[in-house]
Amino acid sequence: MSDRQHSQPAVVTVENLTTLRRYLEMAPPDQKEASYKYLLHNSVVLELNPTHPIIKQLAPLRESNPEVAGLVASQLFDNALMNADLVHDPRRMVGRINKILQAVTESEVPTDADVKE
């Protein structure tokens with residue numbers, strides 16, 4: 001958890017961010033994905049904003065629906081990477097985003113029993 005005040009639920013911090021971005025841009029196409037995974041795994045620090053509503057709800061969600069909580073946690077990390085301009089291929093997130101949307105819409109859609117006439 002971070003003591004920094006920011007409006008996002010999570011941010012990444014990277015030492016020498018500009019250098020890291022240049023290195024990733026110059027990586028050979030066939031090694032780009034591996035370079036991203038290696039450098040991001042070893043260079044990025046994820047900072048969570050403990051006052052953000054998404055972070056506050058993540059622990060209860062983990063208890064009630066661990067699969068969706070895992071999807072949300074992974075998406076938070078990728079969102080933070082995207083904000084830092086460190087996402088190589090954002091299309092890889094689409095499947096996860098769709099699963100999150102499906103979980104949200106399934107839990108929010110009223111059933112016949114919920115509708116009072």
Side-chain angles (χ1 to χ4, degrees):
M1 298 284 180
S2 173
D3 291 335
R4 291 190 214 199
Q5 296 297 321
H6 46 81
S7 62
Q8 299 296 319
V11 296
V12 292
T13 56
V14 181
E15 196 171 316
N16 299 320
L17 179 60
T18 304
T19 304
L20 178 62
R21 282 185 187 142
R22 280 196 190 125
Y23 177 82
L24 292 171
E25 288 171 3
M26 294 183 339
D30 60 330
Q31 296 178 359
K32 236 184 218 322
E33 189 67 31
S35 295
Y36 266 86
K37 286 180 182 179
Y38 175 78
L39 289 170
L40 295 179
H41 177 74
N42 292 306
S43 303
V44 171
V45 175
L46 179 67
E47 294 185 12
L48 301 177
N49 177 353
T51 63
H52 196 280
I54 293 173
I55 301 303
K56 288 180 178 181
Q57 291 300 316
L58 201 52
L61 181 60
R62 184 173 170 233
E63 295 295 321
S64 65
N65 195 335
E67 181 182 350
V68 173
L71 292 169
V72 170
S74 294
Q75 192 60 48
L76 285 171
F77 181 64
D78 279 346
N79 288 357
L81 289 174
M82 194 177 309
N83 279 336
D85 196 25
L86 291 173
V87 173
H88 166 61
D89 184 8
R91 292 173 296 179
R92 67 182 177 79
M93 291 183 234
V94 172
R96 183 186 326 121
I97 293 169
N98 287 336
K99 287 179 185 177
I100 294 169
L101 292 172
Q102 181 179 354
V104 169
T105 57
E106 286 174 353
S107 67
E108 297 296 323
V109 175
T111 63
D112 289 337
D114 294 334
V115 178
K116 296 179 182 177
E117 295 183 38

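The basis for the numbers below is simple: all heavy atoms, side chains too, and nothing from hydrogens, waters or symmetry mates.
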> Any chain of hydrophobic side-chain contacts (each under 4.5 Å) joining L76 to L101?
Replying inline: yes

>> Set out, in order, the CA-CA distance, both residues' side-chain angles and the distance that settles side-chain contact (heavy atoms from CB on, under 4.5 Å) for I54 and V72, then state yes or no.
In response: CA-CA 9 Å; I54 293 173; V72 170; 4.3 Å; yes

Which heavy-atom pair separates [X] from [Y] by the least distance, and what is that distance?
| X | Y | result |
| --- | --- | --- |
| T51 | K56 | O-CE, 3.5 Å |
| S7 | H52 | O-CD2, 3.3 Å |
| P9 | I55 | O-CG1, 3.4 Å |
| A80 | A10 | CB-O, 3.6 Å |

> Looking only at side chains, do N98 and Q102 share a donor and an acceptor under 3.5 Å apart?
Replying inline: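 No, Q102 and N98 have no side-chain donor paired with an acceptor closer than 3.5 Å.
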
>> Using side-chain contact (heavy atoms from CB on, under 4.5 Å), reason through L61 and Q57 one step at a time and then give a plain yes or no.
In response: CA-CA 6 Å; L61 181 60; Q57 291 300 316; 5.6 Å; no

> Just wondering, are more than 12 heavy atoms of other shown residues or ligands nearer than 6.0 Å to CZ in R96?
Replying inline: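 Yes - once you tally the heavy atoms of other residues, nucleotides and ligands closer than 6.0 Å, there are more than 12.
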
> So how far is it from L71 CG to K99 NZ, rounded to the nearest 0.5 Å?
Replying inline: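 Reported to 0.5 Å precision, the distance equals 6.5 Å.
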
>> Checking Q8 against N79 for the side-chain contact (heavy atoms from CB on, under 4.5 Å) test, could you report, in this order, the C-alpha distance in whole Å, the side-chain angles of both residues, the deciding distance, and whether it holds?
In response: CA-CA 9 Å; Q8 299 296 319; N79 288 357; over 6 Å; no

